[in-house]
Colleague: 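Handing you a structure now.
Hydrogens, waters and symmetry mates play no part in the numbers below; they use all other heavy atoms, side chains included. Convention: sequence-line order gives letters A, B, ...; per-chain numbering from 1.
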Amino acid sequence: MGVATRRFAIASAALTLAGLLASTSAVRSGALAADGAPPAGTVRILSLGGDVTEILYALGQSDKIVAVDTTSLFPASALKDKKSVGYLRALSSEGVLSVSPTLIIASEQAGPPEVVKAIKGSGVQYVDVEEKQTAEGVPDKVRRIGRIIGADADAQKLAAKIEADFAALDNDRKQIKVRKKALFVLAVQNGRATVGGTGTGADAILQLAGIDNAAAGVTGYKPVSDEQLAELAPDAVIVMTRGESDRHSGDLALSLPGLSQSPAAQNKSLVEMDGQYLLGFGPRAPSAAHDLMNALYSEPGKTAATP
Amino acid sequence: MLEARRVSVMAGQKRLIDDVSLTIVPGRLTAVIGPNGAGKSTLLRIMAGELKPSEGAVFLDGADLRQMPVARLATRRSVVAQSTTLSFPFTVLETVMLGATVPAFGIRDDDAAIVARDALAAVGLANFEMRMLNQLSGGERQRVHIARALCQLATAPRPDTETAALLLDEPTASLDLKHQYDVLSLIKAQSTEGRAVMLVIHDLNLASAFADEIVLMAAGKIVGKGDPDDLLNEDLLSHTFGCRLRVVSSGDGGRLILPAAITRRMIIGAAAE
Amino acid sequence: MTIAESSIGRISDAVRPARGTVFLALTGLLLLSAILSLAIGPTGVSLQSLPRAFAAAAGYANDASAERDRLVLIDIRLPRTLLAAFVGAALATSGAMMQGLFRNPLADPGLIGVSSGAALAAIATIVLGHGIAAPLIAPFGIYALPIAAFFGGLVTTLTLVAIASRRGELAVGTLLLAGIAIGALSGSLGGYISYASDDRELRDLTLWSMGSLSGASWQKVLAVLPFAVAILLVVPRLMRGLNGFLLGEAEAMHLGIDIERTKRLAIATTAAAVGAAVAVAGVIGFVGLVAPHVMRLISGPDHRAVLPGSAILGAILVIVADIIARMAIRPAELPIGIVLALVGAPVFLHLVLRRNISGGG
């Protein structure tokens, strides 16, 4: 009896203590929110999605952003300067509300659906941005976001530039005489490569760069066996990097038995690009496609990408 | 009166119990003996209502066990199984009180505890009530389970006119000689108090000393039943157990049943001395 | 407590606190944790705003800040707390029932296939929902996943029970083995389906399998209400029966317990309760193991203490874990499964190690 009562006392004390700690920190964060509370009429944007954040920054709207999600990797300052509400497919309703947004611009990928429903029901303006990984889709996104935030003129300018970039890209693509095929390797795990098939952002950017997708027979990002890899025989292998420290995934991919006999490995034809740059489908998409194109087709006659 | 009428149990084509009729009478201790595999435990499980016979039926005061709800049956018979293992750390008292666990008993824990303590005292474990069951010796544990069965019959709401049956399968198997005697005395006392007691037991001497009636089984059949003095004769036992048995006088008016091979060794040993 | 001491050779008497004291203390802790859960959140809205929130809910206040208080307290935190309590109670009670039924303190509701069935259905909904099964799933909107998970669990359990039943008797041993086989089967089916998934769906699957209460809503609270009532009605009828089961099935029958009814009732309740919990919160582990274990340490193995006590303790555990999940990296959120595993895994280890010392008792 005595032992158990004592245990209860300890448990209750611990729980109360935990609660107090949590509530004081909650008060602190509340105070923080109150300090940062905007004067009435100020727009506080929550940007969800790497492309959305990139476009907002490109439009010079970064000071209106109060928080971003973890996929907002570019510019790198976004995740440093702004609060993060976590991964955009695992949002929390109160977490989102706690940054007191007045406008939420969200990639259509945002979720889970119940949370999105609750946030939409909270009265905060919520705008879905469709994810279109095409030459037309990117300027469309820019114009749409520009309209929402009342930066139409800037958006028109940016969209026009993107369209011009894509047109130049288009032009260059037409000059390609012998198309090459490349393989996008998302990851190498347990000696198996996960490659980007049709319907993926990697496939879209390869098409824009005038490169055939060696993994066109695969749908989505799929792990493939060495035997399948050998069949694909890509001219080049494309891998993503996450910053400077991440430099070995390409070598790892080329050393796979299935790729060792491929033209890519023989010629050491490896393209390493930043993931958000390559697959973000933001304003930098034409430039990324151009870089990719230049990496594979080194013949003269190419106009340089205009960043 | 607990009564099996022409019961048989089939396991595939094999008859584990073959057309057995048996009556356990209140106030008497009926001991079932027989070689291994004779079907003693199976018969006990049938009499307990646990196993449904393939043919025939068991009746308690004329009522078919198959028609009797288990909760009702539990007010009128309790069972000590051959080996019961408890998977969670109950105390001794809690284990005994499980005897009064039937919802239909409607008994309060405080009242059940009083009966349970009496039952524990009866099996000589008065000071053990807050000990953990899984730390007791095999013999102590066996006595706890007997106390649980006693507690069940003692707490059950039941008119005196109804038969209360106590069924025990090898309750002395893991007990030393003193506790064998203590436990069987206790069981015997239950029968003299008016319970119908069925005891499956291997030890022929204990059966001989305590039973009011002996039932001898072999190969699923009853090969003999009756008063110990009549039944426990050398020829029948030797034939049933498949080895030469001697029934000898213990010297103080009692009876000892031993394999002839052993009595011979004893004689040789005595001679050598 | 005593078991641990005596398992290393000391013989001592068990200490059993009065059941009423235990329940009173647990209920107090539950209320405390529920109040904390209402009071704490990343928005910093405190309990003092509760009257204004109610006023807003009743339509008496319609300024924006009262509206926000209403949203946070009444539409977000309250359903979240209630759902956490339900999920914890359902998982803990189910764990305790299965441990009693299988006579094993390590048994878990997954043994009767409900979790693997629910997981398979969830995988199928997440992966096929955008593809071939879209017309089938679309009408259910955002509730397709919970509905699929619930029925997936239920159907699997019913299949298992049908497999393990012969002549109206349910063989617990067969159930256990068939459960392992069905678990492996649905695991491989799930693996096959998830092979067809893209990386986004794979992420969703991973997140679902770590559990979260962030999607709590009043609709979900209403949806689990019948299950909460069912647990409250059924559990008291099972307590004595499961006590008997601790001695063995035959012994339980000797004690006057309708063993078939007890088995079926316990399994049906577990399937429904766990199915509902998994449906609204994803996969949340360890509660079903830890809560009954702790209750047995406090009160001993009597199910009259273990079942209701586990329900309350499970509710407390999940509510507190959810507070941590939403506060630890706010405004982002941790999956609650991670928080619980962090606490649960060491306790589980302790349980296993102690079992070894006490010789498997």
Colleague: Side chain from CB out, backbone as N, CA, C, O: work out which of these in C:Gln99 comes under 4.5 Å of a heavy atom of chain B, or both, or neither.
Modeller: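 The answer is both parts of C:Gln99.
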Colleague: May I ask you to check whether over 12 heavy atoms, not counting those of B:Met10, lie within 6.0 Å of atom CE?
Modeller: yes
Colleague: Without swapping roles, check the side chain of C:Arg103 against the backbone of B:Phe88 for a donor-acceptor pair under 3.5 Å.
Modeller: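 Between the backbone of B:Phe88 and the side chain of C:Arg103 there is no qualifying donor-acceptor contact (under 3.5 Å).
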Colleague: Can you tell me which residue pairs pass the salt bridge (Lys or Arg N to Asp or Glu O under 4.0 Å) test with a partner in residues 148-161 of chain B, sequence neighbours excluded?
Modeller: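 Salt bridge (Lys or Arg N to Asp or Glu O under 4.0 Å) check on residues 148-161 of chain B returns no pairs.
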Colleague: Kindly give the heavy-atom pair with the smallest separation between B:Glu94 and C:Pro301, and that separation in Å.
Modeller: OE1-CD, 4.3 Å
Colleague: Testing the basics here: between B:Gln152 and C:His254, what is the closest heavy-atom pair and its distance to 0.1 Å?
Modeller: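 For B:Gln152 and C:His254, the tightest heavy-atom pair comes out as NE2-O, 3.0 Å.
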Colleague: For chain C, find which of B:Ala74, B:Pro69, B:Ala81 contributes the most heavy-atom pairs closer than 4.5 angstrom.
Modeller: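 That would be B:Ala74.
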Colleague: Please identify, among B:Leu51, B:Thr95, B:Asp109, B:Leu73, the residue contributing the most non-hydrogen atom pairs under 4.5 Å to chain C.
Modeller: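 Of the options given, most contacts go to B:Asp109.
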Colleague: Locate the shortest heavy-atom distance separating C:Arg240 from B:Ile107; write the atom from each residue and the value.
Modeller: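 Here C:Arg240 and B:Ile107 meet closest at NH2-O, 4.0 Å.
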Colleague: Considering only heavy atoms and a distance below 4.5 Å, find which of C:Gly244, C:Ala250, C:Gly300, C:Ala252 pairs most often with chain B.
Modeller: C:Ala250
Colleague: Tell me, yes or no, whether the heavy-atom count around B:Arg6 atom CZ, taken from other residues, nucleotides or ligands under 6.0 Å, exceeds 12.
Modeller: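 Not more than 12 within 6.0 Å, no.
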Colleague: Which atoms of B:Ser78 are under 4.5 Å from chain C, going by heavy atoms: the side chain, the backbone, both sets, or neither?
Modeller: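 Looking at B:Ser78, nothing touches chain C.
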Colleague: Less than 4.5 Å to any heavy atom of chain B: does that hold for the side chain of C:Arg261, its backbone, both, or neither?
Modeller: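 The answer is neither part of C:Arg261.
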Colleague: Restricting to non-hydrogen atoms, name the atom on C:Asn243 and the atom on B:Leu98 that form the minimum distance, rounded to 0.1 Å.
Modeller: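 For C:Asn243 versus B:Leu98, the nearest heavy atoms are CB-CD2, 3.7 Å.
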Colleague: Which atom pair, heavy atoms only, marks the closest approach of B:Pro89 to C:Arg16?
Modeller: O-NH2, 3.1 Å
Colleague: C:Arg166: which residues meet the side chain to side chain contact (heavy atoms under 4.5 Å, CB included) condition with it, sequence neighbours left out?
Modeller: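 Residues passing side chain to side chain contact (heavy atoms under 4.5 Å, CB included) with C:Arg166: none at all.
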Colleague: Using heavy-atom distances under 4.5 Å, tell me whether B:Glu50 contacts chain C through its side chain, its backbone, both, or neither.
Modeller: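 Backbone plus side chain of B:Glu50, per the 4.5 Å heavy-atom cut-off to chain C.
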Colleague: So do the side chains of B:Leu86 and C:Leu246 get within less than 4.5 Å of each other, counting heavy atoms only?
Modeller: yes
